[in-house]
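The block underneath contains the structure these notes are about, expressed in structure tokens.
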Amino acid sequence: MNLNNKIALITGASKGIGRAISIKFAENGCDIIFFYKSNEKLANKVAKEVKAIGRKVLPIKLDVSNYIEVERAKLKIRKNFEHINILVNNAGILRDSLFEKMSQEQWDDVININLTGVFNCTRVFLEELIKSEEASIVNITSISGIYGNVGQTNYSASKSGIIGFTKALAKEVAGNSIRVNAIAPGFIETDIWNQLPEHIFQRVLKKIPLRKIGNPDHIANTALFLASKDAKYITGQVIKVDGGIGLSVL
Ligand SMILES: NC(=O)c1ccc[n+]([C@@H]2O[C@H](COP(=O)([O-])OP(=O)(O)OC[C@H]3O[C@@H](n4cnc5c(N)ncnc54)[C@H](OP(=O)(O)O)[C@@H]3O)[C@@H](O)[C@H]2O)c1
């Protein structure tokens, strides 16, 4: 699998899964543009790592939920890169709460960043993708968007929304040779889980048939496959990368 001379835009890549995807893509010959929200120090570290691999990199600090900021980023990108072949919509947050206690702010933050952020980035960059040959969009959803999860009505709704978005857009843009797929990670070891109490973590672990949580590289490998020519007949799919947790009904 290689992405030689491709250019990828990856959202939410200062750490975690987005960082792993950036490094993996760079190792496979791809130049990287990435968005992050606040952590400049970590973003610079990722940029250094990509440069050390020998690829071009452009980190941009913005909020994916703000359409105007994303549009402004496009102008900056155009000055540095001719086109974009791959878009990975990865930026996402948790604001967990039981529904009865969930505030409007917790609902809005999650929907605006996780779902409207995907709309914003795809809407702004679709034209660029149409111009490039054999483009690919990879959206990061979650098993929470497939099965639902207690305390995550906002998050599950946002991630189910991404699945519907992925399938509908796949049909709309197939004629432009753009493939649109999604990855549904299970429990992956990143900062997002710092908010998870230890006893819940232990309970979750027991439900995973492979008996371990995943790491960001597992998701990056799948993103690499979906973005590459090896997946050129795959579109509108949701691939679970979850250690088999979805099998644990019995
Ligand atoms: N980890 C898991 O177990 C898991 C499971 C299923 C799905 N996922 C999904 O995978 C994706 C990545 O998760 P992760 O675990 O890698 O999270 P993470 O370690 O918390 O990293 C999140 C990244 O998104 C960026 N970000 C957050 N809000 C943003 C915004 N408004 N605009 C632009 N960038 C923003 C952060 O930037 P700053 O740090 O600079 O703010 C950071 O780079 C998310 O969509 C998440 O829902 C994760």
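Every number for a ligand or one of its atoms is a count from 1 in the order of the listing. Predicted model only: the values in this text are computed from it and were never measured.
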>> N90: which residues meet the side chain to side chain contact (heavy atoms under 4.5 Å, CB included) condition with it, sequence neighbours left out?
In response: T11, I17, V88, I140

Give a table of atom pairs where an N or O of ligand 1 lies under 3.5 Å from a protein N or O.
| from | atom 1 | to | atom 2 | distance (Å) |
| --- | --- | --- | --- | --- |
| ligand 1 | 1 (N) | I188 | O | 3.1 |
| ligand 1 | 1 (N) | T190 | OG1 | 3.1 |
| ligand 1 | 1 (N) | W193 | NE1 | 3.4 |
| ligand 1 | 3 (O) | G186 | O | 3.4 |
| ligand 1 | 3 (O) | I188 | N | 2.7 |
| ligand 1 | 3 (O) | I188 | O | 3.1 |
| ligand 1 | 3 (O) | W193 | NE1 | 2.3 |
| ligand 1 | 15 (O) | T190 | OG1 | 2.4 |
| ligand 1 | 16 (O) | I17 | N | 2.8 |
| ligand 1 | 31 (N) | D63 | OD1 | 2.8 |
| ligand 1 | 32 (N) | L62 | O | 3.4 |
| ligand 1 | 32 (N) | V64 | N | 3.0 |
| ligand 1 | 37 (O) | S14 | OG | 3.4 |
| ligand 1 | 37 (O) | K37 | N | 3.3 |
| ligand 1 | 39 (O) | S14 | OG | 3.3 |
| ligand 1 | 40 (O) | S14 | OG | 3.3 |
| ligand 1 | 40 (O) | K37 | N | 3.2 |
| ligand 1 | 40 (O) | S38 | N | 2.8 |
| ligand 1 | 40 (O) | N39 | N | 2.7 |
| ligand 1 | 41 (O) | S38 | N | 3.3 |
| ligand 1 | 41 (O) | S38 | OG | 2.8 |
| ligand 1 | 43 (O) | G12 | O | 3.4 |
| ligand 1 | 43 (O) | S14 | N | 3.1 |
| ligand 1 | 43 (O) | S14 | OG | 2.7 |
| ligand 1 | 45 (O) | N90 | O | 2.7 |
| ligand 1 | 45 (O) | K159 | NZ | 2.8 |
| ligand 1 | 47 (O) | Y155 | OH | 2.5 |
| ligand 1 | 47 (O) | K159 | NZ | 3.1 |

>> Using side-chain heavy atoms (C-beta onward) and a distance below 4.5 Å, is K240 in contact with Y147?
In response: yes

>> Checking E189 now: which residues fulfil side chain to side chain contact (heavy atoms under 4.5 Å, CB included) with it, not counting sequence neighbours?
In response: I213

> Does the distance from a Lys or Arg side-chain N to an Asp or Glu carboxylate O, for E127 and K74, drop under 4.0 Å?
Replying inline: yes

> Which residues satisfy the side-chain hydrogen bond (donor to acceptor under 3.5 Å, both in side chains) test with Q202, sequence neighbours excluded?
Replying inline: E198

>> The test is side chain to side chain donor-acceptor pair (under 3.5 Å); show your working for S65 and T116 and say whether it passes.
In response: CA-CA 6 Å; S65 68; T116 307; over 6 Å; no

